[in-house]
There are 4 protein chains.
Amino acid sequence: MAALKESQKQKRRAQIIEGAVKVFARKGFYHATVKDVAREAGVADGTIYLYFKNKDDLLISLFECKMEDILSHFRTRLAELSDPLDKLRVFIEVYFELIENDIELSDVFQVELRQSSKFLKDYHNEKFQEYLEIIEGIITAGKEIGFFRADLDANITKILVFGAIDEVARQWILSNGKYSLQQAGQSVAYTLIHGLLSTS
Amino acid sequence: MAALKESQKQKRRAQIIEGAVKVFARKGFYHATVKDVAREAGVADGTIYLYFKNKDDLLISLFECKMEDILSHFRTRLAELSDPLDKLRVFIEVYFELIENDIELSDVFQVELRQSSKFLKDYHNEKFQEYLEIIEGIITAGKEIGFFRADLDANITKILVFGAIDEVARQWILSNGKYSLQQAGQSVAYTLIHGLLSTS
Amino acid sequence: MAALKESQKQKRRAQIIEGAVKVFARKGFYHATVKDVAREAGVADGTIYLYFKNKDDLLISLFECKMEDILSHFRTRLAELSDPLDKLRVFIEVYFELIENDIELSDVFQVELRQSSKFLKDYHNEKFQEYLEIIEGIITAGKEIGFFRADLDANITKILVFGAIDEVARQWILSNGKYSLQQAGQSVAYTLIHGLLSTS
Amino acid sequence: MAALKESQKQKRRAQIIEGAVKVFARKGFYHATVKDVAREAGVADGTIYLYFKNKDDLLISLFECKMEDILSHFRTRLAELSDPLDKLRVFIEVYFELIENDIELSDVFQVELRQSSKFLKDYHNEKFQEYLEIIEGIITAGKEIGFFRADLDANITKILVFGAIDEVARQWILSNGKYSLQQAGQSVAYTLIHGLLSTS
DNA sequence: AATGAATGAGATTTCATTCAT
DNA sequence: CATGAATGAAATCTCATTCAT
């Protein structure tokens, strides 16, 4: 019974987090009220506080919980591959798939978390670092087998790559899906791999 | 005298905007109070409302005003050059210079505006589009003279380029200047131009 | 069996009251939560409400229950004596003994009840009157046999005596036992008695 | 103008404190809301927070401010006298006058502060100690000139005296003025003095 | 009878904005 | 024009109490 109760608790937590994703995406963290989240999740205001310390904690928990899913999703998909070029292509593909499949969540990640990590007390975004490390791993591997330039600074490059991908995703969201992410993904992958030059 | 008064008004406006930059950088837009800004700017709370419609308008005006400066700075610096490769290198160089020279402002641009642009009512960030257009111009020019690949989608690529540069800048700010932006700039320019591959 | 159940019930009630004494002493009635009391008593939150109407009722019941014990203790100890002077001395002695033996309870009585009696709806503290009557009895008896001044207003004097004793006890508690209550008791008894005596 | 503004501020503070006295006396500190106080004082809710850090601070400030008045009143009245017996009589007289003249304030002092001093963080009631010291001074002076018993422990006795007086006052308030405080005062003074005298 | 998750009313507190001076 | 005291709406969070299990 304890196990059952435990799973009940997890379910309720998840239910609130789903509500929070929707509301934060729609209104932004600061304009969303706890009441909004409660209503969206179908619980009473006070119930939120049985599962989360406060509003900030709700955002952090949302992030941790979802990032966990995302990271393991990436890892599973990339584990099948060995070629760094394939890995990079698939990384971008998976990234854009995730964005397309859960625009609300993407919204929250891109907008709220970016900002919040600076202002939520004592929160230092380890999950995001793990995430960047996946890219770093791909780049380092690519360098080792000689596919990628030996003079690449993996630290800078992982950021460059992430920034490029993420911005394309963000603008796609902001434009309400005016262009094909699929296609954009291929284009991005190609450019990152080959650069801008025609004589390559 | 009217002109004098006008310039007085502009001066006061600028003074408030400087205060706002400092305070928003330090506390974030939502955690900063109008009183904070007033104190930092050395004016009374109510005075803010003689120059700006409300707190949101202050942020938007800050953006418009500062973006104006930045855009004209970019245009001046790029006007001297004709080679798209040089232009791209210099664009990155100037971008990082601006970041280094006014970290507080960069902070506000990167963190607050990114988020706010979505939630400030009726605000659609035309200045940011102008900004992206500078990059687009460089890419299109590069394509036209055959330096850049003909199959580059200038729309996607401008976003990719901006994202890459901007993220490197952001992480530099967040890391409190742990690496050299100068160097990172060269590395970023090289990679964007040549891509990741060693066989280029 | 009914009797057994009845005693079970009494036991559970007592258990909750003990928890309440501890928690109210530690945090004060208004800062203590029903959950705190439940945890301290080792029962569920809801269980409290099977034994008490509400939080106020818990405080009142605590008082009634404990006051009952205290009153009968006083009566037993005083019944053995006939001399009013002895009675007064023993009264003070017993009072201070009770304080020393259950500081938590004393705390609740002195701090919470004093305040609460004014604000708990419909509660008029008859037990406290009974308590004062014990002192009044001693004084009246003392007057009758001519030990105490004939002009003593027993009504005022009982209050005076109670106030004097009680304040010494309170300050002792607040000072965390900096002085000897034993000694203080003798001193207080001496001073009060000399004040009351007719042969002065 | 600064001085004028300053006095305006003091006036507003006093106005809020007066409101608080009334409301706390009527409902008790914990049952009174800040809204209640604001309404009673004729200001907006938020205004309270321009003058006091929070609700606790309002109670503490009320105490400090009023205690100041009371202490200086006592000192003035006692300064005229030299005989310790007279001083003690007048002390009681003044105490009861104050009680009669501001029953609401007395209520708050007797009920709320008694309790609160234990629970308001970091508040240690120095003013109350000053107050007890006045009594101690009288007792010590009385001992020195041989009016009071040499074996009196001034520390215990000041508490005894204060407790006796204060309790008589409290019961008078609780009884809604059923007896004459004037008369009670004389009776109390008589009994206490006879208890304290060396020639008994 | 006992539980403890859920409720939601209500309290404190903040702060953008106004307006009399 | 400038001020800054005052406002009061609105948000977060707490906790006594209920009720399905």
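Quick note on labels: first sequence line is chain A, next is B, and so on, each numbered from 1.
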* **Partner residues of C/Glu104 under the side chain to side chain donor-acceptor pair (under 3.5 Å) criterion, sequence neighbours left out** => none

* Working to the nearest 0.5 Å, report the span between NZ of D/Lys127 and CD1 of D/Ile60. => 12.0 Å

* Could you tell me the separation between the CG atom of A/Leu105 and the CD atom of A/Gln110, rounded to the nearest 0.5 Å? => 10.0 Å

Distance, rounded to the nearest Å, where [X] contributes [atom1] and [N] contributes [atom2]:
X: D/Lys9; N: F/dT3; atom1: NZ; atom2: C1'; answer: 14 Å
X: B/Tyr49; N: E/dC15; atom1: OH; atom2: C1'; answer: 9 Å
X: C/Phe52; N: F/dA16; atom1: CZ; atom2: P; answer: 15 Å
X: A/Lys55; N: F/dT14; atom1: NZ; atom2: C1'; answer: 18 Å
X: B/Asp56; N: E/dA16; atom1: CG; atom2: P; answer: 10 Å
X: A/Ile48; N: F/dC15; atom1: CD1; atom2: C1'; answer: 16 Å
X: A/Lys53; N: F/dT12; atom1: NZ; atom2: P; answer: 17 Å
X: D/Tyr30; N: F/dT14; atom1: OH; atom2: C1'; answer: 15 Å

* Asked: Starting at the 5' end of DNA chain E, which residue's closest nucleotide do you reach first, C/Tyr51 or A/Tyr51?
  -> C/Tyr51

* Structure fact -> Note: B/Met67 and B/Phe128 closest approach over all heavy atoms is CE-CA, 4.2 Å

* How close do A/Asp36 and A/His31 get, heavy atom to heavy atom, and via which atoms? -> OD2-O, 4.1 Å

* Structure fact -> Comparing nearest nucleotides in DNA chain F, the 5'-proximal residue of the pair D/Thr47, A/Leu50 is D/Thr47

Name every donor-acceptor pair, under 3.5 Å, that has one atom in a side chain of residues 14-25 of chain A and the other anywhere in the protein, sequence neighbours excluded.
unit_1  : atom_1 : unit_2  : atom_2 : d
A/Gln15 : OE1    : A/Arg12 : NE     : 3.0
A/Gln15 : NE2    : A/Ala41 : O      : 2.8
A/Glu18 : OE2    : A/Lys66 : NZ     : 2.9

* Results of side chain to side chain contact (heavy atoms under 4.5 Å, CB included) for C/Lys35 - residues two or more places apart only -> C/Thr33, C/Arg39, C/Asp45

* Asked: For DNA chain F, which residues in residues 33-45 of chain D have a heavy atom at a distance below 4.0 Å?
  -> D/Val43, D/Ala44

* Structure fact -> Expected list for residues 12-20 of chain B near DNA chain E, using heavy atoms below 4.0 Å, is none

* For A/Lys55 and A/Phe29, indicate whether the former's side chain and the latter's backbone hold a donor-acceptor pair under 3.5 Å. => yes

* What pairs of residues pass the ring pair (Phe, Tyr, Trp, His ring centres under 6.0 Å) test when at least one of them lies in residues 37-62 of chain D, not counting sequence neighbours? -> none

* Asked: Stem ranges for DNA chain F, with three or more consecutive Watson-Crick or G-U pairs under 3.5 Å?
  -> E:2-21 with F:2-21

* Asked: What's the verdict on side chain to side chain contact (heavy atoms under 4.5 Å, CB included) for C/Asp56 and C/Leu59, showing C-alpha distance, side-chain angles and the deciding distance?
  -> CA-CA 5 Å; C/Asp56 285 359; C/Leu59 181 59; 5.9 Å; no

* Asked: With a 4.5 Å heavy-atom cut-off, do D/Val34 and D/Asn54 have their side chains touching?
  -> no

